[in-house]
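Contents: one structure, followed by commentary.
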Amino acid sequence: MAQQLRRSITVTQGVALYVGAIVGAGVLLLPALSATRAGPASIIAWAFDALLGIPLALTLAALASRLPNAGGVATFVTKAFGSAAGTVIGWFYFIAAATAQTLVALTGAYYGAVYLDLSRGVTFLLAGLILAVATGANLRGIKVSGRLQLAFAGTVAAMLLLAVVVSVPRFSTEHWTPFAPHGMAEVGSVAVVIFFAFFGWEAITHLSEEFRDPARDVPRSTVISVGVITFLYVGVAIATISTGTYGSPEVDRTVIAQLLAGGFGGPAGTMTAMIAVLIAMGTTNAFVAATSRLGYALARDGAFPAPLARVNDRGVPAAAVLTVGGYAGLGVLIGYFAGWGPETLLVVPNSLVIITFLAAMAAGVRLLHGKDRVLAVIGTALCAVLVPFSGVVVVIPVVIALLALAYRRWKRLDGPAEQPAADVPPEEDEQQVPARQE
């Protein structure tokens, strides 16, 4: 008999896991960047994305409760629309996550650069060093523990809350005018950009079958987490706008440090910058671990080149680790010579994950019923609202989807035609899915 995953996760632990999955390096960059692009009207974009998080998270929680399986979003999409769609989603996630590593490393490096007075070249070297350390650690089989990752996320959450509190005395209504200096159309584009800060709602689905009572505890964890994350994110956006802490690349890339320095003085900014570098290193380490396992799983199933499925004597998919680290390192190198910062690269993971979530919501419409299906319909509609604001970058998921399907066909993975799954109880579902990524 196959071993079953242990059901041990409580509601409190579920909330911690949600916060750990979502609150990360993205929010260290995006509050000021969004205000620079859309002015005070950017708060509408934050509110919209937070609102989207409600049906998004609850629909994913409903799917996870009904189909508690370690395959997560890929399982839902495959079950609803067939294995070809699952292959495309796998490619989307791999490329989005690998690109996100470049963003995280650069974000941490920029925080360190401002307060350590580093040149642009040294800043990019620091980002490369963060990636090199993470890649090297993963080649040796060293990964940041789940508890340490939660500690990193907890530290970020505490910094966000503190940044809001100490900024209140400096709030001014004058900073809220003009409200939309670049027009309301820019708000939609900003909503796409800041969506990066809300990545992670899908993460809990991979752990759903490890909750003590998935049908009860996953939705409860979701509701509490949505409230906590919305409070932190919208609070920081309000603090950024109300204090006028935005408007230049240096400030935009280190906004949390700037807010804390404004409340406590310069040393607080320096301390925050150093903590941000450590958080970026820990997050990158976890990204390399998770993304390389995804590459390994895709290669094992024939959706990626076979060498990525090889495991060394340490039990590490070394080729996949090097591929992920090399891809992210190449992103840093290109960014340096092209004059790009982390904000430029945001379009890649954003465009891919928005489509992925849209597919997941559509799967919810097909697989769920009752109020859960209504939430899935709302989530589908809200995700669809964002797609037109992606502009020409929508070509990114189109090109990657075509490449994924072409590779799948070349590898002759089509096999017998598959029928989308009917709405059946989870105990009747005997579909096999990849094991949870570590």
Side-chain angles (χ1 to χ4, degrees), residues 11-35 38 40-62 64 150 152-168 171 176 187-188 190-205 217-243 245-246 255-256 259 346 350 353-354 357 360-361 364 374-376 378-383 385-386 389:
V11 171
T12 301
Q13 291 169 331
V15 172
L17 289 167
Y18 252 138
V19 174
I22 297 170
V23 178
V27 76
L28 300 179
L29 168 71
L30 293 170
L33 176 64
S34 62
S42 62
I43 195 66
I44 298 175
W46 284 97
F48 179 87
D49 282 4
L51 178 66
L52 172 57
I54 298 173
L56 195 67
L58 290 175
T59 298
L60 290 170
L150 290 176
F152 281 140
T155 301
V156 176
M159 286 197 305
L160 298 182
L161 180 60
L162 191 58
V164 173
V165 172
V166 301
S167 297
V168 170
F171 281 13
W176 287 82
V187 174
V190 164
V192 174
V193 171
I194 66 174
F195 199 66
F196 181 72
F198 291 87
F199 287 4
W201 288 125
E202 78 293 343
I204 208 74
T205 64
D217 294 344
V218 171
R220 287 182 179 181
S221 299
T222 301
V223 171
I224 296 171
S225 299
V226 167
V228 171
I229 292 165
T230 299
F231 175 79
L232 290 173
Y233 280 10
V234 175
V236 170
I238 291 173
T240 299
I241 296 167
S242 298
T243 59
T245 310
Y246 63 93
V255 60
I256 305 303
L259 289 173
L346 273 169
N350 277 356
V353 176
I354 287 171
F357 280 153
M361 293 301 97
V374 172
L375 283 170
I378 295 172
T380 302
L382 292 178
C383 285
V385 167
L386 287 179
F389 291 102

CG-CZ distance between L30 and F198, expressed to the nearest 0.5 angstrom: 9.5 Å
Closest approach of S42 to A35 (non-hydrogen atoms, all atoms of both residues): OG-CA, 3.6 Å
Nearest heavy atoms of I354 and F195, plus distance in Å: CG1-CD2, 3.5 Å
pair L56-C383: side-chain heavy atoms closer than 4.5 Å: yes
Side chain to side chain contact (heavy atoms under 4.5 Å, CB included) evaluation trace for L232 with V27: CA-CA 10 Å; L232 290 173; V27 76; over 6 Å; no
Separation of L51 CG from L382 CG (nearest 0.5 Å): 6.0 Å
Spacing of CD1 belonging to I229 relative to CD1 belonging to I224, to within rounding of 0.5 Å: 11.5 Å
Under the side chain to side chain donor-acceptor pair (under 3.5 Å) test, residues paired with S225 that sit two or more places apart: none
Check against side chain to side chain contact (heavy atoms under 4.5 Å, CB included), I241 and W176: CA-CA 7 Å; I241 296 167; W176 287 82; 3.6 Å; yes
Residues L52, F357; criterion side chain to side chain contact (heavy atoms under 4.5 Å, CB included); working and verdict: CA-CA 11 Å; L52 172 57; F357 280 153; over 6 Å; no
Nearest heavy atoms of P55 and T59, plus distance in Å: O-OG1, 2.6 Å
Pairs flagged by side chain to side chain donor-acceptor pair (under 3.5 Å) wherever residues 46-55 is involved - sequence neighbours left out: S34-W46
Nearest heavy atoms of V15 and S221, plus distance in Å: CG2-O, 3.8 Å
Closest contact, heavy atoms only, A197 versus Y233: O-OH, 2.8 Å
Test log, rule side chain to side chain contact (heavy atoms under 4.5 Å, CB included), inputs L29 and F196: CA-CA 10 Å; L29 168 71; F196 181 72; over 6 Å; no
Contact summary for L386 and V192, nearest pair of heavy atoms: O-CG2, 3.5 Å
Side chains of residues 154-167: which donor-acceptor pairs under 3.5 Å do they make with residues two or more places apart or in other chains?
{"unit_1": "T155", "atom_1": "OG1", "unit_2": "A151", "atom_2": "O", "d": "2.8"}
{"unit_1": "S167", "atom_1": "OG", "unit_2": "A163", "atom_2": "O", "d": "2.6"}

Nearest-0.5 Å distance, OG1 of residue T12 to CG of residue D217: 9.5 Å
